[in-house]
Amino acid sequence: MAKRARAYWLMKTEPEAFSIEDLERKKREAWDGVRNYMARNYMREMQVGDLVLFYHSNAAPPGVAGVSEIVAEAHPDPTQFEPKSKYYDPKSKPAEPRWSLVDVGFVERFAQLLPLDVLKAEPSLSDMVVVQKGSRLSVQPVTKEQFKTVLAMAKAKTKVR
DNA sequence: GCCAACGTTGGC
DNA sequence: GCCAACGTTGGC
């Protein structure tokens, strides 16, 4: 596969289902259950080594909890073929899988979650997808500048005031 | 628990 | 191919 510069992403998860603590303990995880075409297409663009902002949605508060990385590129999501799975898709054929997943690996857990409202208050992040109103996409591209800004904010936040 | 936003489905 | 209805996401 052709090499390209490392890309950056944001992936959402409900911490009650799978949190940064779970990833820290398990080290890596197959990111199954994505059933949105745009999100799937972004996952298919991912390459090993890409870095991911690990976002806790439907949480109090929601926000970025840490960093993960892509450790395996897109391959078929097995849950689409499992009738008992809540992610089962009867229209998907094994010869032509509709849904993909990537494997993510643990990189870092922030000492403190970086809340969404703090991201929204940062002017240089005003174009970031996750701060847009009604932004529901669970897999999003992030620019290198946005990624660096978020990391810097997470580090600054851990300093004692 | 509410509901706005938005993606998907299906009738026509 | 339009678009209303429906289901889901996710902040609040």
Side-chain angles (χ1 to χ4, degrees), chain A residues 7-26 29-46 50-70 74-104 106-143 145-147 149-154 156-158:
Chain A
Y8 301 87
W9 311 93
L10 178 146
M11 296 173 88
K12 295 182 186 174
T13 172
E14 300 195 9
E16 282 202 7
F18 190 81
S19 68
I20 190 76
E21 289 81 9
D22 294 326
L23 184 62
E24 183 170 26
R25 185 163 35 80
K26 293 183 69 179
E29 181 75 0
W31 209 258
D32 62 13
V34 172
R35 295 294 180 270
N36 171 285
Y37 287 105
M38 208 180 303
R40 179 204 70 180
N41 291 344
Y42 283 134
M43 286 201 298
R44 289 181 177 178
E45 290 180 30
M46 292 175 177
D50 284 359
L51 292 175
V52 179
L53 296 174
F54 195 98
Y55 183 88
H56 282 179
S57 62
N58 251 318
V64 179
V67 177
S68 59
E69 69 178 328
I70 303 306
H75 50 285
D77 180 345
T79 63
Q80 68 194 305
F81 304 122
E82 296 166 5
K84 287 185 185 141
S85 169
K86 66 171 173 172
Y87 301 124
Y88 178 56
D89 183 351
K91 293 182 194 161
S92 185
K93 309 236 167 52
E96 215 178 329
R98 179 178 293 189
W99 303 111
S100 301
L101 56 72
V102 294
D103 290 5
V104 302
F106 177 78
V107 174
E108 170 180 13
R109 176 163 67 91
F110 293 162
Q112 285 179 267
L113 180 119
L114 184 58
L116 177 60
D117 59 1
V118 174
L119 299 180
K120 284 184 170 171
E122 171 53 46
S124 65
L125 296 180
S126 61
D127 290 335
M128 201 171 166
V129 178
V130 78
V131 308
Q132 307 307 314
K133 192 179 178 193
S135 169
R136 303 190 333 184
L137 194 59
S138 65
V139 178
Q140 311 175 353
V142 171
T143 69
E145 290 71 29
Q146 288 164 350
F147 186 88
T149 300
V150 168
L151 274 203
M153 289 171 77
K157 202 164 179 292
T158 64

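So you know, we letter chains A, B, ... as the sequences are listed, proteins then strands, and number each from 1.
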Report yes if the side chains of V34(A) and W99(A) come closer than 4.5 Å at any heavy-atom pair, otherwise no. no

Can you give one letter per nucleotide of nucleotides 4-9 of chain B, 5' to 3': B if a protein heavy atom sits under 4.0 Å from the base, S if only from the sugar-phosphate, - if neither? -BBSS-

Taking the side chain as everything from C-beta on, heavy atoms only, tell me whether S57(A) gets closer than 4.5 Å to L116(A). no

Determine the interplanar angle of the F18(A) and W31(A) rings, folded into 0 to 90°, and report it as parallel if under 30°, tilted if 30 to 60°, perpendicular if over 60°. perpendicular

Partners passing side chain to side chain contact (heavy atoms under 4.5 Å, CB included) against N58(A) (at least two apart in sequence or in another chain): E14(A)

What's the separation between atom CZ in F106(A) and atom CD in E24(A), rounded to the nearest 0.5 Å? 3.5 Å

